[in-house]
Q: 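Please read through the structure below; I'll follow up with questions.
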Amino acid sequence: MPATMDAVKLTCATCGQANRVPLARLAEGPKCGHCGDPLADGRVAELEAATHDKMTRGDGLPVLVDYWAPWCGPCRSMAPEFARAARTLAPQVRLMKLNTEDYPQISARAGIRGIPALILYRNGREVARLAGARPAAEIVAFARQHTQP
């Protein structure tokens with residue numbers, strides 16, 4: 001279900017269920033109709049493969065994914081900055097993480113050559129990417145630059 005003028009489709013990062021959310025209620029903290037978890041509250045969620053694909057291919061809001069690995073020092077040092085950026089960008093942009101160690105097929109399909117790598121998806125397509133650990137201000141500026149109408 002594509003975004004309409006008055007509602008957007010949001011995939012729950014927890015259970016993978018698609019939810020239709022009125023744009024007028026986006027700032028009110030919508031919750032998943034299936035599991036009750038928040039949909040756009042500014043927290044960074046860890047994605048599984050199927051949820052990653054559903055979210056990046058069909059969500060009505062832009063999704064910024066941090067492709068990372070637990071052994072990566074720059075990835076670990078950027079995590080608090082990414083979380084700060086998520087709180088700043090919510091609810092207009094949702095920030096998610098995908099562990100490339102757990103899902104190497106997704107990182108290969110996305111053409112990830114180094115981590116951390118940030119890829120911004122909008123309307124089912126990759127619109128921009130940013131490599132390397134970044135402070136929150138740069139992550140926010142990057143997302144806003146590529147999501148403004």
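Every heavy atom of this structure was used, including side-chain atoms; hydrogens, water molecules and symmetry mates were not. This chain uses plain numbering: 1 for the first residue, then up along the sequence.
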Q: To the nearest 0.5 Å, tell me how far Q145 CD sits from Q148 CD.
A: 10.0 Å
Q: Mind running ring-ring contact (aromatic ring centres under 6.0 Å, His included) on Y67 and H52 for me, showing each step along the way?
A: CA-CA 11 Å; Y67 295 88; H52 169 275; 5.7 Å; yes
Q: Whether the side chain of T100 engages the backbone of W68 through a donor-acceptor N/O pair (distance < 3.5 Å, no angle test) should be reported.
A: yes
Q: What distance do D53 atom CG and E48 atom CD have between them, rounded to the nearest 0.5 Å?
A: 11.5 Å
Q: Among pairs that include at least one residue of residues 60-71, which meet salt bridge (charged side-chain N to carboxylate O under 4.0 Å, His left out), considering only residues two or more places apart or in two chains?
A: D66-K97
Q: To the nearest 0.5 Å, what is the distance between CG (L130) and CG (L64)?
A: 8.5 Å
Q: Rounded to the nearest 0.5 Å, how far does CG of D102 lie from CD of Q105?
A: 9.5 Å
Q: Between A86 and V44, which heavy-atom pair has the shortest distance, and what is it?
A: CB-CG2, 3.6 Å
Q: Which heavy-atom pair separates D37 from C12 by the least distance, and what is that distance?
A: CB-SG, 4.4 Å
Q: Which residues pass the side-chain contact (heavy atoms from CB on, under 4.5 Å) test with A13, not counting sequence neighbours?
A: A45, L47, M55, M96
Q: Looking only at non-hydrogen atoms, find the nearest pair between Q92 and L61 and report the distance.
A: O-CD2, 3.8 Å
Q: Please confirm whether the backbone N or O of N99 pairs with a side-chain atom of E46, one donor and one acceptor, at under 3.5 Å?
A: yes
Q: Are D6 and L23 close enough, and set up right, to give a side chain to side chain contact (heavy atoms under 4.5 Å, CB included), and what steps lead you there?
A: CA-CA 5 Å; D6 59 344; L23 286 173; 5.8 Å; no
Q: Starting at OH of Y103, measure out to CD1 of I112 and round the result to the nearest 0.5 Å.
A: 15.5 Å
Q: If I compare all heavy atoms of N19 with all of G33, which pair ends up nearest, and what's the gap?
A: OD1-N, 2.8 Å
Q: Which heavy atom in G132 sits nearest to a heavy atom in M78, and how many Å separate them?
A: O-SD, 4.0 Å
Q: For R94 and D41: C-alpha separation, side-chain torsions, deciding distance, then whether salt bridge (Lys or Arg N to Asp or Glu O under 4.0 Å) applies.
A: CA-CA 8 Å; R94 298 183 356 162; D41 66 346; over 6 Å; no
Q: Looking at S77 and P80, what are the two nearest heavy atoms and their distance?
A: O-CD, 3.4 Å
Q: Hey, mind stepping through I139 and L118 against side chain to side chain contact (heavy atoms under 4.5 Å, CB included) and telling me if it holds?
A: CA-CA 9 Å; I139 297 167; L118 304 177; 4.0 Å; yes
Q: If we ignore hydrogens and angles and just use 3.5 Å, is the side chain of E81 paired with the main-chain N or O of P135 as donor and acceptor?
A: no
Q: Would you please test V93 and L95 for side chain to side chain contact (heavy atoms under 4.5 Å, CB included) and show each step?
A: CA-CA 7 Å; V93 181; L95 278 65; 3.9 Å; yes
Q: Could you tell me the separation between the SG atom of C32 and the CG atom of L39, rounded to the nearest 0.5 Å?
A: 6.0 Å
Q: Within a reach of under 6.0 Å around CZ of R113, are more than 12 heavy atoms found that belong to other residues, nucleotides or ligands?
A: no
Q: Any chance you could lay out the side chain to side chain contact (heavy atoms under 4.5 Å, CB included) test for F142 and T147, step after step, and finish with the verdict?
A: CA-CA 9 Å; F142 168 75; T147 57; over 6 Å; no
Q: Checking the side chain of S107 only, and the main-chain atoms of P104 only, is there a donor and an acceptor separated by less than 3.5 Å?
A: yes
Q: Does the R76 side chain pair with the main chain of P70, one donor and one acceptor, at a distance under 3.5 Å?
A: yes
Q: Strictly by salt bridge (charged side-chain N to carboxylate O under 4.0 Å, His left out), give each pair with a member in residues 114-130 just once, sequence neighbours left out.
A: E126-R129
Q: Indicate yes or no: at least one non-hydrogen side-chain atom of P38 is less than 4.5 angstrom from one of P30.
A: no
